[in-house]
Amino acid sequence: MCTGNVKVTVWNEFRHEKSNEAVKKLYPEGMHAVIAAGLEKTGGFETRLAALDDPEQGLPRDVVDSTDVLIWWGHRAHAEVSDEIVKRVQKRVLEGMGLIVLHSGHFSKIFKTLLGTNCSLKWREVAEKERLWNLEPSHPITQGIGEYIELPNTEMYGERFDIPTPDKVVFVSWFEGGEVFRSGCTFTRGHGKIFYFRPGHETYPIYHNPRIIQVIANAAKWAAPAIIKVDECPNSAPLEVIPEKNVDFGKAGIVQESAL
Ligand code: ZN
């Protein structure tokens, strides 16, 4: 249960930053480091960095079990994430851990597992303008954001986004090329809150934008667990005394002719 600072683990596959000079220039320590620094600056968080090439892919059991909210950025290495780690994270989300999936994480194993659909979409990379419209100004995730966020250059994601109907769509994006997209969506799975947030293509300085960080910070506070509850399927004793029933188990539930 979350009482003080929200314990956030920022997970990043951390590959583009090592292999692409333009990305390295924007995010020399990785996108996860910039996001974590943004949260620390906002206040109210204890952050931890995790990456695909770390031991146990950055998510050993003690890390997952001591995380209130997991932030996930992945793209080209989705297939390298082990099924064991996906199961571990899924179980913890169902128990109450929050999960924020960013941008190309729409195709991550964990997002697809939790949502149960293809999570496919349209995309285009021509550095067009995006305007994210705030549809839910009273929602905790949009506090301090105003009517919209404008990003001068982004990769386009367009509908149809193959996701189950979200609990809430808090942002819808308009793109210069004409498409629209449900860019901020909330879901609940078990006791866990999930937020999908679209911005974050690696070749643009999206996570250096304080308003994008504000949304992620708001979402991390919103997604912090209300409870952590380990799943069980118990055989349960009655709360009241139930008189012994004289039931012929072979015929239970069958209405006898004589009783009609
Ligand atoms: Zn992208």
Side-chain angles (χ1 to χ4, degrees), residues 10-36 38 49-53 57-58 70-81 86 99-115 117-133 148-163 166 169-185 194-216 219:
V10 190
W11 188 94
N12 179 11
E13 71 178 31
F14 197 21
R15 293 282 175 83
H16 293 275
E17 296 94 327
K18 292 173 184 164
S19 59
N20 179 320
E21 281 307 313
V23 180
K24 197 187 282 185
K25 219 169 153 189
L26 284 173
Y27 300 107
E29 311 293 328
M31 284 178 273
H32 53 333
V34 171
I35 293 166
L49 302 181
L52 181 60
D53 295 325
Q57 303 195 323
L70 177 63
I71 298 179
W72 192 279
W73 197 102
H75 180 222
R76 68 186 204 197
H78 291 320
E80 290 181 45
V81 177
V86 173
L99 177 69
I100 299 174
V101 174
L102 298 171
H103 189 61
S104 40
H106 72 90
F107 255 173
S108 61
K109 283 187 188 176
I110 185 59
F111 193 58
K112 293 203 283 188
T113 297
L114 284 162
L115 266 55
T117 53
N118 296 309
C119 303
S120 50
L121 44 80
K122 279 184 194 145
W123 64 279
R124 177 173 61 235
E125 237 275 64
V126 293
E128 65 204 273
K129 181 155 95 175
E130 172 181 8
R131 198 174 285 127
L132 291 107
W133 288 94
Y148 58 82
I149 301 171
E150 204 163 275
L151 299 172
N153 303 106
T154 59
E155 177 188 24
M156 185 282 294
Y157 278 5
E159 298 283 349
R160 185 176 180 264
F161 187 15
D162 187 35
I163 48 172
V169 178
V170 298
F171 290 105
V172 68
S173 284
W174 164 91
F175 292 90
E176 204 174 342
E179 286 84 356
V180 293
F181 190 75
R182 287 168 289 172
S183 279
C185 301
I194 301 169
F195 182 56
Y196 173 78
F197 191 44
R198 193 208 88 84
H201 187 65
E202 66 276 2
T203 55
Y204 305 112
I206 306 281
Y207 298 127
H208 291 286
N209 182 322
R211 303 183 73 212
I212 295 298
I213 292 295
Q214 181 71 57
V215 173
I216 296 172

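All ligand and atom numbering here is 1-based and tracks the order in the structure. Values below: all heavy atoms of this structure, side chains included; hydrogens, waters and symmetry mates excluded.
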Write the atom name of the N, O or S atom in Glu155 that is nearest the Zn ion (ligand 1).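 Among the N, O or S atoms of Glu155, the one closest to the Zn ion (ligand 1) is OE1.
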Please name the atom of His201, limited to N, O or S, that comes nearest to the Zn ion (ligand 1).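 It is ND1 of His201.
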Answer yes or no for His75: is there an N/O/S atom below the 2.8 Å cut-off from the Zn ion (ligand 1)?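 Checking His75: none of its N, O or S atoms is under 2.8 Å.
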Would you compute the distance between atom CD of Glu150 and atom NZ of Lys129 and round it to the nearest 0.5 angstrom?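 NZ of Lys129 is found 4.0 Å from CD of Glu150.
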Closest contact, heavy atoms only, Glu128 versus Gly177: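 Taking every non-hydrogen atom into account, OE1-N, 2.9 Å.
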Using the six-membered ring wherever Trp is involved, compare the ring planes of Phe181 and Tyr196 and label them parallel, tilted or perpendicular (cut-offs 30° and 60°).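 Rings of Phe181 and Tyr196: perpendicular, as their planes differ by over 60°.
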Establish, yes or no, whether the cationic atom of Arg182 lies under 6.0 Å from the six-membered ring centre of Phe161 and within 45° of the ring axis.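 Here Arg182 fails the 6.0 Å and 45° test against Phe161.
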